[in-house]
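A quick write-up on the structure given underneath.
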Amino acid sequence: MGSLQLLMDGFAAALTPVNLLYALIGVTLGTLVGVLPGIGPAMTVALLLPITFTVPPASAFIMFAGIYYGGMYGGSTTSILLNTPGESSSMITALEGNKMARRGRAAQALATAAVGSFVAGTIATALLVVAAPAVVSFAISFGPEDYFALAILAFTAVSSVLSRSVVRGLASLGLGLVIGLIGIDQQTGQARLTLGVPQLLDGIDVVIVAVGLFALGEALYVASRLRHAVPEVVPVGRAWMGRADWRRSWLPWLRGTALGFPFGALPGGGAEIPTFLSYAAEKRLARGVAKEEYGKGAIEGVAGPEAANNASAAGTLVPLLTLGLPTSATAAILLAAFQQYGLQPGPQLFDHNPALVWAMIASLFVGNTMLLVLNLPLAPLWARVLRVPRPYLYAGIVLFAALGVYALNGTVVDLFVLYVLGLLGFSMRRFGLPVAPAVIGMILGPMAEIQLRRALAIGAGDVSVLVRSPIAAVLLALALLALLTPLVRRLMARRGVDAITPVSRED
């Protein structure tokens, strides 16, 4: 059965009344939470992970996909109206978007962000439909050593790209790998790192880790830094664009999509890099009035980065669904959701659960349309949401996190582990350690260990089996490159500074 027929079957599932309701809930929650400063789609999906015990898989993933897309868009509202990005990928939008708002053009800035999100999301989802089957057909040939090398590539890429330093990224990864070791060794039956607590013999539930490190840790960190006063929000009416705005926005939308999708699909690519590149490209290509407006509120500086931001979200789903490889924090939480249902994303997911995968992909088209319909008329409502008192907001997040985790098994041990992980997440943010490598290490670590053991068993203990496969050798080389590139860049930058520093001489 071809991809087009499978997509049509996916639309038939996604357009049922129940799944449409879940899609609407997802995009609404995603936008609502994305609007709030410091809360992103990863935190929202983490908070809602406990529902995986009561909601059918297809409905849950349709809702999670809506949350993902809605959260990516919602950050632009905060950037434009508050000059406070809700997500790191929305930082660039704040540069020109807030200046547009202060010049009385908040409606136009919000409109180009909404329409750009729709255009980029739709095109990128169409590219996902084309790219996913091709990647699956390639991944079928993977052996244990190839999957191990793929996990190593994910570890190094995410650790080096999503952190200010490679050392901090690897330290966070190490914490995640240690958490993943807790429980009974599947091969030897030995208890590892359980500290004599019987409830830890099955390991720490991935829901507790995700909610603790992301939701609770983020809530504690942001609450410790936000003022209690109501922030100043730029007033806005209904979002709309004039003819000149459309003429200046459509090319940045397309260029941003072209940059965002491939970067989202790369391990550690994320949305930050393409949004920066899109802004730089639009600024370089600006002519006439647009060139004069840069730094004062150019609409191109909002249209391009927002398109890149949302296109990268669809790009992230390519390696997640086809290889089981999360390339962002939200993708890591979605992978955890798959595992809660006993599903492992990868080539077999497309063979064994095609209805689930294609319903989720089809729901992305539906969710994009819902986002456009919701966000154009509801911009004033999202502006009012920004006035919610912060103490109430973050106290509610802590409460719902505790209730969700306690509902899993009904044990106090889970709550204790949650609060320990929440304090760990707070400390990691306080001292500059990224959280995403820890979650990815915890989720992919056990899989990497199993694949390593299988590969060594096949090779009778010969370590060279890990590089005999051309695919594994290339992936390990890319992992080494991802690890060394930031170090080389830093060394070259330091040498450049030393070269231009004048040397003082004594007469």
Side-chain angles (χ1 to χ4, degrees), residues 27 30-31 34-35 41 68-81 85-87 89-101 105-127 236 238-264 271-283 285-286 290 293-294 297-315 364-365 367-379 382:
V27 296
T31 306
V35 163
Y68 191 12
Y69 267 25
M72 297 297 281
Y73 167 78
S76 65
T77 303
T78 315
S79 299
I80 292 168
L81 300 182
E87 274 279 287
S89 54
S90 299
M91 289 187 297
I92 292 299
T93 304
L95 293 179
E96 300 295 331
N98 187 252
K99 291 184 174 63
M100 285 184 66
R105 285 174 52 81
Q108 289 78 9
L110 290 170
T112 193
V115 178
S117 298
F118 171 76
V119 171
T122 303
I123 295 175
T125 305
L127 293 175
V236 58
R238 179 166 179 158
W240 65 279
M241 294 172 63
R243 185 174 299 177
D245 297 320
W246 282 95
R247 187 173 61 251
R248 292 174 56 179
S249 296
W250 71 273
L251 278 175
W253 291 335
L254 297 180
R255 286 191 287 259
T257 304
L259 285 170
F261 183 80
F263 270 96
E272 292 81 5
I273 296 175
T275 53
F276 275 94
L277 290 177
S278 175
Y279 181 79
E282 297 306 325
K283 188 173 183 179
L285 294 171
E293 286 186 353
Y294 261 92
I299 196 170
E300 294 85 352
V302 178
E306 274 303 302
N309 183 17
N310 283 269
S312 70
L364 296 177
F365 289 102
N368 261 317
T369 306
M370 287 183 174
L371 274 173
L372 185 65
V373 174
L374 276 175
N375 289 317
L376 286 178
L378 294 183
W382 303 135

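What you are looking at is a predicted structure, and each value in this text was computed from that prediction instead of being measured. Atoms considered below: every heavy atom in the structure, side chains included; atoms not considered: hydrogens, waters and symmetry mates.
Contacts of W246 classified as ring-ring contact (aromatic ring centres under 6.0 Å, His included), with partners at least two apart in sequence or in another chain: W253. A search for ring-ring contact (aromatic ring centres under 6.0 Å, His included) contacts involving Y279 returns Y294, not counting sequence neighbours. Among residues two or more places apart in sequence or in another chain, the side-chain hydrogen bond (donor to acceptor under 3.5 Å, both in side chains) test is passed with S117 by N310. E282 meets the salt bridge (Lys or Arg N to Asp or Glu O under 4.0 Å) test with R255; sequence neighbours excluded. Scored by the side-chain hydrogen bond (donor to acceptor under 3.5 Å, both in side chains) test, S278 finds no partners at all (sequence neighbours excluded).
Without hydrogens or angle criteria, N368 side chain to L364 main chain gives a donor-acceptor distance under 3.5 Å. With hydrogens and angles disregarded, no donor-acceptor distance shorter than 3.5 Å links the side chain of E96 to the backbone of V302.
The two residues M100 and A109 make their nearest non-hydrogen contact at CE-N, 3.8 Å. Minimum interatomic distance between A314 and T125 (heavy atoms only, all atoms of both residues): CB-N, 4.0 Å. Of all heavy-atom pairs between A124 and T257, the closest is N-CG2, 4.4 Å. Between A307 and P252, the closest heavy-atom pair is CB-O, 4.4 Å. Residue G260 comes nearest to P274 through the heavy atom pair CA-CB, 3.8 Å, listed as atom of the first residue, atom of the second, then distance.
For residues 105-118, the pairs satisfying salt bridge (charged side-chain N to carboxylate O under 4.0 Å, His left out) are R105-D245, with sequence neighbours left out.
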(message) Using the rule given for side-chain contact (heavy atoms from CB on, under 4.5 Å), can you reason through V27 versus L374, listing the C-alpha separation, both sets of side-chain angles and the distance that settles it, and then say yes or no?
(response) CA-CA 9 Å; V27 296; L374 276 175; 3.8 Å; yes
(message) Using side-chain contact (heavy atoms from CB on, under 4.5 Å), reason through L371 and F118 one step at a time and then give a plain yes or no.
(response) CA-CA 7 Å; L371 274 173; F118 171 76; over 6 Å; no
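Contact of the L251 side chain with the L285 side chain is not registered, since no non-hydrogen atoms from C-beta on lie closer than 4.5 Å.
We find the CG-OG1 distance between L259 and T275 to be 10.0 Å, quoted to the nearest 0.5 Å.
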